[in-house]
4 protein chains.
Amino acid sequence: MIIVMKPEATKDQVAHVASRVTELGLEPHTIVGTERTVVALVGDERPVSQDLLESMPGVEKVVPILAPYKMASVEMHRQPTQVKVDGFAFGGRKVGLIAGPCTVEDRSMLIELAHEVKAAGAVALRGGAFKPRTSPYAFQGLAETGLRYLAEAREATGLAVVTEVMAPEQVPMVAQYADVLQIGARNMQNYDLLRAAGNQPKPVMLKRGLAATVEEWLLAAEYILKQGNENVILCERGVRTFEQHTRFTLSLSVVPQLKQLSHLPVIVDPSHGTGRRKLIEPMSLAAIACGADGLIIEVHDHPEEAVLDGQQSITSAEFARLVAKCRRVAEAVDRDL
Amino acid sequence: MIIVMKPEATKDQVAHVASRVTELGLEPHTIVGTERTVVALVGDERPVSQDLLESMPGVEKVVPILAPYKMASVEMHRQPTQVKVDGFAFGGRKVGLIAGPCTVEDRSMLIELAHEVKAAGAVALRGGAFKPRTSPYAFQGLAETGLRYLAEAREATGLAVVTEVMAPEQVPMVAQYADVLQIGARNMQNYDLLRAAGNQPKPVMLKRGLAATVEEWLLAAEYILKQGNENVILCERGVRTFEQHTRFTLSLSVVPQLKQLSHLPVIVDPSHGTGRRKLIEPMSLAAIACGADGLIIEVHDHPEEAVLDGQQSITSAEFARLVAKCRRVAEAVDRDL
Amino acid sequence: MIIVMKPEATKDQVAHVASRVTELGLEPHTIVGTERTVVALVGDERPVSQDLLESMPGVEKVVPILAPYKMASVEMHRQPTQVKVDGFAFGGRKVGLIAGPCTVEDRSMLIELAHEVKAAGAVALRGGAFKPRTSPYAFQGLAETGLRYLAEAREATGLAVVTEVMAPEQVPMVAQYADVLQIGARNMQNYDLLRAAGNQPKPVMLKRGLAATVEEWLLAAEYILKQGNENVILCERGVRTFEQHTRFTLSLSVVPQLKQLSHLPVIVDPSHGTGRRKLIEPMSLAAIACGADGLIIEVHDHPEEAVLDGQQSITSAEFARLVAKCRRVAEAVDRDL
Amino acid sequence: MIIVMKPEATKDQVAHVASRVTELGLEPHTIVGTERTVVALVGDERPVSQDLLESMPGVEKVVPILAPYKMASVEMHRQPTQVKVDGFAFGGRKVGLIAGPCTVEDRSMLIELAHEVKAAGAVALRGGAFKPRTSPYAFQGLAETGLRYLAEAREATGLAVVTEVMAPEQVPMVAQYADVLQIGARNMQNYDLLRAAGNQPKPVMLKRGLAATVEEWLLAAEYILKQGNENVILCERGVRTFEQHTRFTLSLSVVPQLKQLSHLPVIVDPSHGTGRRKLIEPMSLAAIACGADGLIIEVHDHPEEAVLDGQQSITSAEFARLVAKCRRVAEAVDRDL
């Protein structure tokens, strides 16, 4: 950390900062500049509270130097992590496609759709049994019945199942049915849920919060890793900005950025990330071109009858065409699909 | 709702929309314009999925007309709600001040501080026993021990206790010790937690999410109200924007805006909302000037030794001066304090 | 437009709105709903001020139905526009690459670099002679000398020249030397400049403002088109959001979105859009994958000695490798390069 | 500045950075940490390009320590600047109110309104003769005719005139009629305009750009100051965020923040900053409570007939009531009005 003193800071204040820092186990280096004095700290700054240092008399601001996450960091884990989901490795050479309806609604429609997306090239089936809904008046999901339908679809097709878990106490039940536990954007900083997901062994797909920085996102992943579960897949799903032509702003530059900062696989959700059916295909291609390890896409054969999110769903025929195009782009960047 | 058809929409598509809408229990009015046809719907549009309508062939977009929340709405409840907290009514003529440390750390320091903020004019004591921390390496709170200290401080001073609850299963325990359950910004859309808070009778202070619209915030309140708990206090605590001179952007215009849309009391958190000690006083004055029913402020007598958030705490002496200034502004806008 | 009346609006207020709207040349259709009355307007709403209607007694809000731009709209011009720049057509099957230094600094270095980027596959040379600099203490560009160097580089290499114009009175001089006039993000709503650029025949590359919506951007293009210059190229260069891992958030979803709304070619600037050298290549590939008609990239052979923006420049060797990768992705989406 | 080296940076790279920095006239202090080496620079860092340093091999990032503006800074000018406008001093104890129509439309209506706002307590008349309009189809202002009407209103009432200038070549004409030149949000980084405004002696009211940081805003002011015009008034008018309940997010915390960073007076525009008539009064009170030196408010006696911005105008009767309330709040914070 670098502690920047105020222009009017006294020598005593600087000395006090240096001695306080020493007590905290760091080594202070004081540099007297022409306009400001700065104190550079040597040692592991992570356990030290930036707030505490900023509250000391004479301190103007504190600039952290090290990333606050460790286990999620590429520096602690040079090789990319491959997260195995039922034989498929997210984070390897192959790009993995996860597809399915926003919400599990009907058992036979789900199984039919699962067959279709599998035939088109998906490696996993998505579908919500527990749904985080903005409005209490909206359909909240089929709960365990939905999980059972998903499990039946897995048996029928061999597809892995990805589904959302919304509360710590749901973790055991969801983990019993699902192959990957999804933590949604609105729960990215639900720390009890992160810990619960870290305390069981199934892979976790951690969606980015609507206003989360890359650092906060990796710190959320760190909560899971720290409990001992190393199987975390990050999923960019759009952030909230002033833009209104899409529901959210899909920020694809996080994909290559995360590859430089972390060893965890990164996938992209162009369905929620744009909220517009016609943008799903081009943004899927773009995601693969910039290095995404996978995509998660809403597919529904009757979007007009979907209980939810019909506007951002494509049909399985459209999905099959999308897969064919994605395959070409994947090959152009030396990936397979 | 208004359904806007695409310019190339056929008559059959318009007819299909109209008949589908009728099935959904609404009355369609079709208006053929020079460049677009629109279908205006008469009836309660809230249960109808906008997504579903947007997925119909020929539909360009759907524009909702009614606010999606009901019980939180001023239209359903013309009189401002007063939320009683231990004799004090938030939402009445008096502006209520809640003060205390970010985190409960030490029993005797807490009780001493409680006496000080009470003497200065606070009506409630804040303090975190469970802390949502961005980093898993940061101090996570004293849990039940912290709650006990808060209860002791209440007994010693008569101040009501406001403290955060982070998970549905913590609700009974927190409700046992606290007078007001705080739901933090990162949990504003933790729907299981909202429901749990709605299923018990203690007042709930619902902080705005970092990227929540006013509509989403009122819908989160609606989750609590719908369970039968009508004692909801809204708390603006800053939103995330590009601005970097403060930790968050305190958006005070939501205060008068909420007063026009809802009957619920609204308070402001200038400590987290700015993250800078020197801005707490001016933003407190501004909040009262534009109609806030209260403030929640971090006070710590030794910010330099605070485990957390020293940078955004003021001392109890500073708090006393702030109260005196707030009182003058409150009177200038015909409120008391 | 749809005029939504307040719940308490009187019949007289509705009648007044309807008669006022008729005076304005539109045909009102009043629909009395269960909770609100709405008045739908038939006719060309563009010349009617939304503000004016919103000021009428009893009106709650006004919802526009039509896009406010015309000439930039795909509805007025079904075929994609191809903007010819020295034999190359932006908006055709070929993806066009524009490359060069942020700022024109040294004549011989510029000419050498021009040869290199041409050899690598660029169709135009970029370089700033007039520089919009955030700080008045920063280098402001070589002005006409810089333009002359650019013209010499064109003669030496045959590359077209793209350079920024910052003020209406510079337009004639810049147009004399350049093949494409660039209007920068900070000037996107400098209306006098837009008009001046529209009053001359050279193509204009219009960068998106840092906080501009798609609608505002197309309206800015409309200023140029309306003066009679139809040769407008739109350039996405990142928007300002809360994200800090990049200088700006490159919002690639605008590329396919613009293709649905407008006939104008769209290119992407991954150098300014990310501000980070290592993200330029992946975001270039992503831009092409989602349909960009070109890229504009900062190339500098000695980024360490660049007067400006070294952090976001790549070398000409890196550019050549990038072009090879872009070509593969372009072919994968049925484009050439 | 602090230069943070990459973890894998070699000793040679560190040495190269240190020697390069020395060449640039700064004194490097190298601190070898456990995970990173940092090089702290002593001396005036402002003329040194951060980009250049970030391009050097082995450098991870560069952290500036000093604010990049000088003349706008409180450190260079400890006493608050008072900008005199026709006898009134913005930045003194008195809060100054500027009021008038968005656009100058009709001569006699303008003069009547000027009498009314003067009677209510305004010290200056606002009104646009040149209008920056998002759409080329919208009314663009009366130009010099409008300026003449404003001058007539000044003669009739004694009110100072504040009006917008949109292009460098308009500066002499506008300066001839106006007492204060307004530079609008969309032109905050129109550097030629800033210089032109700095080259004449009339006070300049510089509105904040829609996505401008405090630092960029003060650097824009620095452009004017550097030309020799010290009479700059800053005006917060809302920034663009995800919020939709207002047109922009009025960020009042910049008012006290600017008071800590700069000596320039700061005023607030609650009309454009909210875009909603009902929020103008509460946000005016809040602005004064947190230290604003003035307000600029749109007043129009017939908002329904206003050519522009009726939705955000209040009548002169409403303005008179607002002034009375503002006066009480001003007195509560030891200001006059």
Side-chain angles (χ1 to χ4, degrees), chain B residues 67 208-218 238-261 268 270 273-292 324-335, chain D residues 67 208-218 238-261 268 270 273-292 324-335:
Chain B
R208 182 183 188 183
L210 304 189
T213 62
V214 167
E215 201 167 87
E216 289 167 339
W217 191 10
L218 288 173
V239 290
R240 185 154 273 174
T241 73
F242 70 88
E243 291 200 312
Q244 291 168 29
H245 73 280
T246 41
R247 282 214 190 148
F248 299 97
T249 294
L250 193 68
S251 178
L252 288 182
S253 71
V254 295
V255 175
Q257 181 66 17
L258 283 168
K259 294 287 175 192
Q260 290 169 31
L261 297 173
V268 171
T274 64
R276 293 181 155 265
R277 206 186 299 175
K278 288 199 173 170
L279 301 180
I280 294 172
E281 183 186 294
M283 299 319 284
S284 294
L285 302 176
I288 293 175
C290 69
K325 293 190 179 178
C326 284
R327 184 166 288 128
R328 293 177 63 194
V329 172
E331 285 162 7
V333 293
D334 295 325
R335 302 287 288 264
Chain D
R208 182 182 187 183
L210 303 190
T213 62
V214 167
E215 200 167 89
E216 289 167 340
W217 191 9
L218 288 173
V239 290
R240 185 154 274 175
T241 73
F242 71 88
E243 291 201 312
Q244 291 169 28
H245 72 279
T246 41
R247 281 212 191 152
F248 298 96
T249 294
L250 193 68
S251 178
L252 289 183
S253 70
V254 297
V255 176
Q257 181 67 16
L258 284 168
K259 293 289 176 188
Q260 290 169 31
L261 297 173
V268 171
T274 65
R276 292 181 154 265
R277 204 187 300 176
K278 288 198 172 174
L279 300 181
I280 294 172
E281 182 186 293
M283 298 318 286
S284 294
L285 302 177
I288 292 175
C290 69
K325 292 189 181 181
C326 284
R327 184 166 290 128
R328 291 177 64 194
V329 172
E331 285 163 5
V333 293
D334 295 324
R335 304 286 289 263

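In what follows, chains carry the letters A, B, and so on, assigned in the order in which the sequence lines appear, proteins first and then strands, with residues in each chain numbered from 1.
With a threshold of 4.5 angstrom between heavy atoms, D:Val214 approaches chain B through side-chain atoms but not through N, CA, C or O. Contact of D:Lys278 with chain B is made through backbone and side chain together, with heavy-atom distances under 4.5 Å. Within the 4.5 angstrom heavy-atom criterion, only backbone atoms of D:Glu331 (N, CA, C, O) approach chain B. For D:Thr249, the part sitting under 4.5 Å from any heavy atom of chain B is the side chain, from C-beta outward, and nothing else. Of the atoms belonging to B:Ser253, heavy atoms from both backbone and side chain fall under 4.5 Å from chain D. No part of D:Arg327 comes within reach of chain B, as not one of its non-hydrogen atoms sits under 4.5 angstrom from that chain. With a 4.5 angstrom heavy-atom cutoff, D:Ala287 does not touch chain B via any of its atoms. Of the two parts of D:Val254, the backbone and the side chain both hold a non-hydrogen atom closer than 4.5 Å to a non-hydrogen atom of chain B.
Note: B:Gln260 leads B:Arg276, B:Glu215, B:Gln260, B:Glu281 in heavy-atom pairs under 4.5 Å with chain D. Between chain D and the residues B:Gly273, B:Ala286, B:Ala330, B:Gly291, the most heavy-atom pairs under 4.5 angstrom are made by B:Ala286. In terms of non-hydrogen atom pairs under 4.5 Å with chain B, the most contact-rich of D:Arg240, D:Lys259, D:Gln257 is D:Gln257. Counting heavy-atom pairs under 4.5 Å between each of D:Leu250, D:Val239, D:Val333, D:Thr274 and chain B puts D:Val239 at the top. Per-residue counts of heavy-atom pairs under 4.5 Å with chain D were compared for B:Leu261, B:Thr213, B:Val329, B:Leu279; the largest is that of B:Leu279. Per-residue heavy-atom pair counts under 4.5 Å with chain D were compared for B:Ala289, B:Ala332, B:Ser251, and the maximum is reached by B:Ala332.
To the nearest 0.5 angstrom, B:Leu210 atom CG is 5.0 Å from B:Phe248 atom CZ.
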>> Does B:Leu258 form a side-chain contact (heavy atoms from CB on, under 4.5 Å) with B:Trp217? I'd like the steps, not just the answer.
In response: CA-CA 10 Å; B:Leu258 283 168; B:Trp217 191 10; 3.5 Å; yes
>> For a side-chain contact (heavy atoms from CB on, under 4.5 Å) check, start with the C-alpha distance between D:Cys290 and D:Leu252, then their side-chain angles and the critical distance, and finish with the verdict.
In response: CA-CA 8 Å; D:Cys290 69; D:Leu252 289 183; 4.1 Å; yes
>> Would D:Ser284 and D:Ile288 count as a side-chain contact (heavy atoms from CB on, under 4.5 Å) here? Give the steps.
In response: CA-CA 6 Å; D:Ser284 294; D:Ile288 292 175; 5.6 Å; no
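Contacts of B:Arg208 classified as salt bridge (Lys or Arg N to Asp or Glu O under 4.0 Å), with partners at least two apart in sequence or in another chain: B:Glu236, D:Glu243. Residues that satisfy the salt bridge (Lys or Arg N to Asp or Glu O under 4.0 Å) test with D:Arg335, not counting sequence neighbours, are D:Asp293.
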